[in-house]
Amino acid sequence: MDFGLNGRVAIVAAASRGIGYAAARELAREGARVFLCSRDEARAVEAARKIAEETGTRCVGVAADVTKDEDAERFVETARGGDGSVDICVTNAGGSPATTFATTDLDQYRRAFELNALSAVRLARLVVPRMRERRWGRVINVTSISVKQPIDGLLLSNTVRAGLTGWAKTLSTEVAADGVTVNNVAPGWTLTERQAEVAESRGRAEGKTSEEMIAGWASQVPLGRMARAEEIAAAVAFLASERASYITGVTLQVDGGWVRSIF
Ligand code: NAD
């Protein structure tokens, strides 16, 4: 299937590793010119270099913290390169810490709102007006299955990402007539570097090996394993594609069947 992404300009946030990196690589494979960011310049540049080398497509790494207005502006300006425009905007960020109601103070809620909600709103505000003028655009937010089935112990993710999902649905309706689609990809348990680190640290706390931790997560999934980041990225690339032109306002879970609800 031709995704029709050749020559499209894509920005992918928080992409020096993990799901963001895999999404950037997948879009580059499909021929998009990709601009990725992460907070650390050396890591962003190295990630972009690897993708460009592997795909033969232009890929640029920019140092930008998605919780900062001026960084997001610089990131988008770099991708625009003057009076160009961004066609595809993939929002992503690191995860918020695992907490419960009893252990969460108000500042943690504020930080989580910045990291996992406003970071997406901030980028969308910078790119959507031009997409509407050009009557083509894709906004894809990387969220979590916690928006369909809250995960015990992840109070901040459960709370803030649900808000982002409501925002995305509202935005999708407002911009649909201008050819801009807005969707969310909700990953389930995905074996990224971050999850491997969590398996190690939580395993130590619980007296288990990281392999036992990973097996425990995988056992909750009907497909019987964790996802690979590339499997999440494939859904991002599809929603970015010309082929997904009639899909907007949805949250596509990519979770091996973990969410048990019908819709
Ligand atoms: P990761 O930690 O492997 O990668 C996160 C990336 O974001 C890194 O490149 C990091 O440098 C960058 N980053 C973090 N904060 C940033 C900021 N403020 N500004 C710019 N860049 C920043 O994480 P991952 O496993 O790839 O997960 C990506 C997102 O998907 C997270 O929000 C995570 O909570 C969510 N998610 C992950 C899983 C999973 O199982 N891995 C499941 C559901 C949801």
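Order of appearance sets the numbers: ligands from 1, and atoms from 1 within every ligand. By convention here, the first residue in the shown sequence is residue 1.
Closest protein heavy atom to atom 16 (C) of ligand 1: Arg39 NE, 3.4 Å. For atom 43 (C) of ligand 1, the nearest protein heavy atom (residue, atom name, distance) is Pro187 O, 3.2 Å. At the shortest separation from atom 12 (C) of ligand 1 among protein heavy atoms lies Ala14 CB, 3.6 Å.
In Ala93, the part holding a heavy atom less than 4.0 Å from any atom of ligand 1 is the backbone. Residue contacts with ligand 1, taken as heavy atom pairs separated by less than 4.0 Å, involve Thr190 via backbone and side-chain atoms alike. Contact annotation: for Arg161 versus ligand 1, heavy atoms closer than 4.0 Å belong to the side chain alone. Under 4.0 Å from ligand 1, the heavy atoms of Thr143 that appear belong solely to its backbone. Residue contacts with ligand 1 for Gln195 involve side-chain atoms from C-beta outward but no N, CA, C or O (heavy atoms, distance under 4.0 Å).
By the 3.5 Å distance cut-off applied to N or O atoms, Ile145 is not counted among the residues near ligand 1. Close N/O approach between Ile19 and ligand 1 is found [any backbone or side-chain N/O within under 3.5 Å].
Both tests hold for Arg138 against Trp136: distance to the six-membered ring centre under 6.0 Å, angle to the ring axis within 45°.
Partners of Arg130 according to the salt bridge (charged side-chain N to carboxylate O under 4.0 Å, His left out) rule, which considers only residues two or more places apart in sequence or in another chain, do not exist here.
Under 4.0 Å is where a charged nitrogen must lie from a carboxylate oxygen, and between Lys50 and Glu53 no such pair does.
The closest heavy-atom contact to atom 19 (N) of ligand 1, among the options Leu36, Val66, Thr67, comes from Val66. Considering each of Thr192, Asn141, Ile151, Asp71, the one bringing a non-hydrogen atom nearest atom 25 (O) of ligand 1 is Thr192.
Interface of Ser16 with ligand 1, defined as ligand atoms under 4.0 Å from a residue heavy atom, comprises 8 (C), 9 (O), 11 (O).
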